[in-house]
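Heads up: the structure comes next, in structure tokens.
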Amino acid sequence: MNNLFAMVTMRSSTHYTDLAIKSFFKFTEISENDEFLLIDNDGNGVDHFSSYKKIKIIKNKNLLSFAENVNLAIKIAKKDEKNLIFLNNDIIFTRNWFQPLASISKSISIPACNQLFQYESDCQKLKIKHTMKLEDFNENYELLNDIVLKHKRKFKPQQQFQTPLMAFYCFKIPFEILNEIGYFDNTFGKCGGEDIDYRIRCAIKGYEVNFVLDSYLLHFHGKSTWDGHESM
């Protein structure tokens, strides 16, 4: 099954988008029939991303909420019969992050991140904290990938777990689940909750939502929502 990767960007968080896309294409193995959809939510000026041959740009006519943008991607994924991997734009992707998620077809998968596990590099030049800024990372990709390797050694391959609250900051919904569960509820407004609602609807139908421990990303924690106002 092929994949549709989708990301939303806005003018206020475009500097995060630059690094997210750079690290995505540096560290993600995608197939010939996979697609990357970049949704411009507010006239951000994203034409320079067209240099990535896999990126298809959609420019929203009006500002859409998180749920509305996810639903836009779900509609395309369902039409093309692809899994959906929806990505916040305040993420740094790491080496082989997608491989552990690729084969999971009966549940929604979320990579682990620094909101769950915090680390420090051996040289102490990179400290992975719960909440970070771009300057805290300083494009230390190799140090980050070294940390990820150490993280993976702590857990068994494909080990998964759940917590009471599981923010959908980066998530894979297999095509089978998209077909049965459908679209996000877009009536929750600024306070969110559509991801919790979707998890409950999945549970009713027998589908789980799991963190996948041998996938680990750096997430800047709210820069695409609270600071960037992507969830309206």
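- The same ILVMFWY cluster, assembled from side-chain heavy atoms under 4.5 Å apart, contains both Met166 and Leu101.
- What you find for Leu4 and Lys82 is that their closest heavy atoms are N-CB, 4.0 Å.
- Side-chain rings of Phe98 and Phe5 approach one another, their centers coming within less than 6.0 Å.
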>> Would Phe36 and Tyr52 count as a ring-ring contact (aromatic ring centres under 6.0 Å, His included) here? Give the steps.
In response: CA-CA 9 Å; Phe36 191 104; Tyr52 294 90; 8.3 Å; no
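- Tracing side-chain contacts under 4.5 Å through hydrophobic residues (I, L, V, M, F, W, Y), one reaches Leu165 starting from Ile200; they form part of the same cluster.
- Nearest heavy atoms, Leu126 versus Leu144: CD2-N, 3.6 Å.
- If you take CG on Asp40 and NZ on Lys61, they are separated by 14.0 Å, rounding to the nearest 0.5 Å.
- None of Asn89, Asn41, Asp18 except one satisfies the side-chain hydrogen bond (donor to acceptor under 3.5 Å, both in side chains) rule with Ser13; the exception is Asn89.
- Note on Ile85: it does not cluster hydrophobically with Phe175, by side-chain heavy-atom contacts below 4.5 Å among ILVMFWY residues.
- Side-chain heavy atoms closer than 4.5 Å link hydrophobic residues (I, L, V, M, F, W, Y) into clusters, and following such links, even through other members, never connects Tyr207 to Met1.
- Inter-residue side-chain proximity for His130 and Asn114 is flagged as unmet; no heavy-atom pair is nearer than 4.5 Å.
- A salt bridge links Glu139 to Lys22: at least one charged side-chain nitrogen sits closer than 4.0 Å to a carboxylate oxygen.
- Side-chain contact between Phe117 and Tyr216 is present, with at least one heavy-atom pair separated by less than 4.5 Å.
- You'll find the ring centres of Phe168 and Phe86 outside the 6.0 Å limit.
- With 3.5 Å as the limit, one finds a donor-acceptor pair spanning the side chains of Gln115 and His219.
- Looking at every heavy atom in both residues, Met7 comes nearest to Ile21 through SD-CG1, 4.0 Å.
- Rounding to the nearest 0.5 Å gives a distance of 5.0 Å between CG of Asn71 and CD1 of Ile74.
- Using cut-offs of 30° and 60° on the angle between ring planes, the pair His151 and Phe155 is tilted.
- Side-chain contact check for Asn60 and Asn69: at least one donor-acceptor pair (N or O, by modelled atom type) lies under 3.5 Å.
- Residues Asn44 and Thr9 have side chains that bring a donor and an acceptor to within less than 3.5 angstrom of each other.
- Salt-bridge check for Arg201 with Asp185: failed, with every basic side-chain N at 4.0 Å or more from each acidic carboxylate O.
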>> Assess the residue pair Ser23 and Tyr141 against the criterion (side chain to side chain contact (heavy atoms under 4.5 Å, CB included)); give the C-alpha distance rounded to whole Å, side-chain angles, the decisive distance to 0.1 Å, and a yes or no.
In response: CA-CA 8 Å; Ser23 60; Tyr141 296 103; 4.0 Å; yes
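- With contacts defined as side-chain heavy-atom distances shorter than 4.5 Å, the pair Leu87/Tyr169 does not qualify.
- In the hydrophobic cluster analysis, where Ile, Leu, Val, Met, Phe, Trp and Tyr join through side-chain heavy atoms closer than 4.5 angstrom, Ile104 is grouped together with Phe161.
- Contact annotation: the side chain of Lys152 never approaches that of Leu213 to less than 4.5 Å [non-hydrogen atoms, C-beta and beyond].
- Smallest separation of non-hydrogen atoms from Ser107 and Asn210: OG-ND2, 3.8 Å.
- Heavy-atom contacts from other residues, nucleotides or ligands closer than 6.0 Å to CD of Glu29 number 12 or fewer.
- Using a 4.5 Å heavy-atom cutoff, the side chains of Phe171 and Val209 are not in contact.
- The side-chain heavy atoms of Ile108 and Cys202, taken from C-beta on, include a pair separated by under 4.5 Å.
- Using a 4.0 Å cut-off between charged nitrogen and carboxylate oxygen, Glu120 and Lys129 do not count as a salt-bridge pair.
- What you find for Asp195 and Ala167 is that their closest heavy atoms are OD2-CA, 3.6 Å.
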> So Phe93 and Phe27, ring-ring contact (aromatic ring centres under 6.0 Å, His included) or not? Walk me through it.
Replying inline: CA-CA 7 Å; Phe93 297 91; Phe27 296 120; 9.2 Å; no
>> Please determine whether ring-ring contact (aromatic ring centres under 6.0 Å, His included) holds for the pair Phe184 and Phe188, giving the CA-CA distance in whole Å, both sets of side-chain angles, and the decisive distance to 0.1 Å.
In response: CA-CA 10 Å; Phe184 278 42; Phe188 280 87; 9.6 Å; no
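- A salt bridge between Glu176 and Lys106 is present, with a side-chain N of the basic residue lying under 4.0 Å from a carboxylate O of the acidic one.
- Donor-acceptor pairing under 3.5 Å is lacking for the side chains of Ser50 and Asp47.
- Nearest approach of Leu72 to Ile58, heavy atoms of both residues: CD2-CG2, 4.2 Å.
- Contact annotation: the side chain of Ile147 never approaches that of Lys150 to less than 4.5 Å [non-hydrogen atoms, C-beta and beyond].
- Side chains of Asn33 and Ser31: a donor-acceptor N/O pair is absent below 3.5 angstrom, by distance only.
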